[in-house]
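Side-chain atoms are counted along with the backbone in the values below, which use heavy atoms only and exclude waters and symmetry mates. Below, read A as the first sequence line, B as the second, and so on, with proteins coming before strands; counting in each chain starts at 1. Quantities reported herein were computed from a predicted structural model and do not represent experimental measurements.
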Amino acid sequence: MSDPRPGRRLSRAFFDRSAPEVARDLLGAYVFSTVDGARTGGRIVETEAYLGREDPGSHAHTRVPTERNAVMYAAPGMTYVYFTYGQHHMLNLVTEAVGTPSAVLIRAVQPTEGIDVMRRRRHGVPDRSLADGPGKVAAALGLTLADNGAALGEGRLELRAGPTPAEEIVVTGRVGLTEGHDLPLRFLLGGHPGVSRGRTGPKKPKPRR
DNA sequence: GCGCCGATTGGCT
DNA sequence: GCCAATCGGCGCC
């Protein structure tokens with residue numbers, strides 16, 4: 001069995017770097033939440049980087065700050081949580097300096113703590129599917145829009161370093177986007193059973209004939 | 001295991 | 001109105 005070995009808290013400086021660097025280095029790190037008195041979380045095994053105005057897949061693409069994406073412009077390490085598809089929350093961590101809208105999406109977590117609570121929140125799904133997708137991560141951790149905009153170390157989330165992953169780090173295109181899916185900005189631990197099953201290609205397939 | 005499809009709310013044009 | 005950084009169920013091989 002793999003014992004959880006979370007280390008020291010991740011610093012603001014850790015997040016004050018480019019989103020791809022942070023996304024890669026978050027692999028093997030730990031994320032925990034304390035919600036309703038229950039601590040849950042685990043090891044990050046899949047991430048995606050979103051770059052900002054120049055990134056066609058980003059919420060900040062060619063846009064002035066809006067109410068939703070404002071947090072992307074804020075301080076490194078801040079949590080950016082948004083709601084989509086009428087039912088799912090997505091957990092992101094802001095990267096780079098204030099004014100630069102970039103973030104990293106946490107796409108999959110290997111549960112190590114509070115697994116019983118996560119089972120209850122995820123009601124009926126097999127253990128291997130507790131947090132193997134971005135919507136599942138937020139659901140398993142009990143996150144809501146109330147967690148949007150929390151400064152590093154001040155909200156219900158805690159981020160800690162982990163040992164350097166023994167697994168190979170694999171880089172692919174991002175999942176679920178209509179634009180920018182071809183950029184190599186998705187990072188995952190190769191062969192890990194807990195990564196999402198997301199497709200990397202264009203969302204709308206080319207017409208067949 | 002893989003692919004298709006409906007669900008369901010809020011953000012944005 | 002349109003459609004989204006998704007999920008789970010169902011059908012099929």
[X], nearest nucleotide to its side chain (from [options]):
| X | options | result |
| --- | --- | --- |
| A/V125 | B/dC12, C/dA4, C/dG8 | C/dG8 |
| A/F83 | B/dC12, C/dG8, B/dT9 | B/dT9 |
| A/Y85 | C/dA5, C/dG9, C/dT6 | C/dT6 |
| A/K136 | C/dT6, B/dC12, C/dC7 | C/dC7 |
| A/T66 | C/dG8, C/dA5, B/dC12 | B/dC12 |
| A/P134 | B/dC12, B/dT9, C/dT6 | C/dT6 |
| A/R63 | C/dA5, C/dT6, B/dC12 | B/dC12 |
| A/R107 | C/dA5, C/dG9, B/dC12 | C/dA5 |

Could you check how far [atom1] of [X] sits from [atom2] of [N], rounded to whole Å?
| X | N | atom1 | atom2 | value |
| --- | --- | --- | --- | --- |
| A/H89 | B/dG10 | NE2 | P | 10 Å |
| A/E179 | C/dA5 | CD | C1' | 13 Å |
| A/R197 | C/dG9 | CZ | P | 11 Å |
| A/I106 | C/dT6 | CD1 | P | 14 Å |
| A/L51 | C/dA5 | CG | C1' | 13 Å |
| A/H88 | C/dC3 | NE2 | P | 19 Å |
| A/L130 | C/dC7 | CG | C1' | 14 Å |

Exercise. Is a donor on one side and an acceptor on the other found under 3.5 Å between the side chain of A/T34 and the backbone of A/R156?
Worked result: no
For this session: For side-chain contact (heavy atoms from CB on, under 4.5 Å), just list the numbers for A/L51 and A/S58, CA-CA rounded to whole Å, side-chain angles, deciding distance to a tenth of an Å, and then say yes or no.
Result: CA-CA 7 Å; A/L51 302 181; A/S58 171; over 6 Å; no
Problem set entry | Side-chain ion pair, A/K136 and A/D132, N-O less than 4.0 Å | yes
Exercise. Has A/Y82 got its ring stacked on C/dA5, by the test of a centre gap below 5.5 Å and a plane angle below 30°?
Worked result: no
Problem set entry | CA sep, side-chain torsions, deciding dist, call: A/H61, A/Y50, side chain to side chain donor-acceptor pair (under 3.5 Å) | CA-CA 10 Å; A/H61 178 52; A/Y50 288 87; over 6 Å; no
Pick base, sugar-phosphate or nothing for [X], based on heavy-atom distances below 4.0 Å to the nucleic acid.
| X | value |
| --- | --- |
| A/R174 | nothing |
| A/R122 | sugar-phosphate |
| A/Q87 | base |
| A/G57 | base |

For this session: Give a yes or no on whether A/I169 and A/V45 share a hydrophobic cluster (residues Ile, Leu, Val, Met, Phe, Trp, Tyr; joining criterion: side-chain heavy atoms under 4.5 Å apart).
Result: yes
For this session: Please state whether the phosphate of C/dA5, meaning OP1 or OP2, lies under 4.0 angstrom from any side-chain nitrogen or oxygen of A/H59.
Result: yes
For this session: May I ask you to verify if any side-chain N or O of A/R68 is less than 4.0 angstrom from the OP1 or OP2 atom of B/dG10?
Result: no
For this session: Could you please name the partner base of C/dA5, counting Watson-Crick and G-U wobble pairs only when both distances are under 3.5 Å?
Result: none
For this session: If B/dT8 has a Watson-Crick or G-U wobble mate with both distances under 3.5 Å, name it; if not, just say none.
Result: none
Exercise. Is the ring centre of A/H89 less than 6.0 Å from the ring centre of A/Y82?
Worked result: no
